[in-house]
Chemist: 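This is the structure I have questions about; it appears just below.
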Amino acid sequence: MKITLSLFATMFICSSTFAQIPILNGYDSPLPTVVTPGLVSSDGGVSAPSDAISLFNGKDLSEWTSKKGSPDWTVQNGVFTVKEGTEDIFTKKEFSDFQLHIEWMHPADITGEGQGRGNSGVYMQGLYEIQVLETYNNNNRTYVNGQAGAIYKQHSPLVNPLRKPGEWNSYDVIFTAPTFNANGTYRTNPRLTVMVNGILVQNNAIIYGGTNDDKIFEKLTGPILLQNHGCIVNYRNVWIREL
Ligand code: MG
């Protein structure tokens, strides 16, 4: 009797398990959109793939603006650079969910320490900062959720794969925009996945609110903002794919 019951139970479990598995047939359409990847330069730069929006054409900052109007950052030889005494810059276009690629480099002769050493930042929707700071090899000690690869004051980077000053670093970012309840609270929080030089440093991290004050801003879209913290930081190869 025991054996019979056990056999019956097994059959029941198996049949109900099978019933929940979808039929795994192949199908022929729709075909995925064909995308041509960007080119990789000898120093590791990655240009925009064919379906991306380029946010820097190598010649001017026509995709960007600032609170005072046209940005006054320096553009030279396919690179743009934070200029002291000017403002943050942000894209004219606004975005919701996206994949972002951006490369940055600190000068080889960089000076300063702590949060004063090569500080800048990349803000999703103008609100959520991924920190840019010269913290190669953990040589420049500061609070760990404020070093490069951190979601500023919310999440430390999982590892530190930075290259040294004078060499290019890259961020590849996947951003999932928040959704909101009728009373303005998050229905789903913003989420960030970040790679530094192709290495995962933030894995679908939950964002609790805007950088610094953790406030919830009821915004569905926003610009990419680059912070002017008074430090010289070079940027190039900035492109975005809307998801
Ligand atoms: Mg910063």
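Order of appearance sets the numbers: ligands from 1, and atoms from 1 within every ligand.
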Chemist: Please report how many protein N/O/S atoms lie under 2.8 Å from the Mg ion (ligand 1).
Modeler: 5

Chemist: Run the side chain to side chain donor-acceptor pair (under 3.5 Å) test on Asn228 and Thr86 for me, step by step, so that the C-alpha distance in whole Å, both residues' side-chain angles and the decisive distance to 0.1 Å come before the verdict.
Modeler: CA-CA 7 Å; Asn228 184 345; Thr86 65; 3.0 Å; yes

Chemist: Under 6.0 Å from the ring centre and within 45 degrees of the ring axis: does the NZ or CZ of Arg163 meet both conditions for the six-membered ring of Trp168?
Modeler: no

Chemist: Report the relative orientation of the aromatic rings in Trp64 and Phe80; use parallel for angles under 30°, tilted for 30 to 60°, perpendicular for over 60°.
Modeler: tilted

Chemist: Measuring only between side-chain heavy atoms, which start at C-beta, is Pro190 closer than 4.5 Å to Met124?
Modeler: no

Chemist: Walk me through it: do His101 and Gln99 pass the test side chain to side chain donor-acceptor pair (under 3.5 Å)?
Modeler: CA-CA 7 Å; His101 176 91; Gln99 173 185 354; over 6 Å; no

Chemist: Using distance alone, with no hydrogens and no angle criterion, decide if Thr211 and Glu129 have a side-chain donor and acceptor under 3.5 Å apart.
Modeler: no

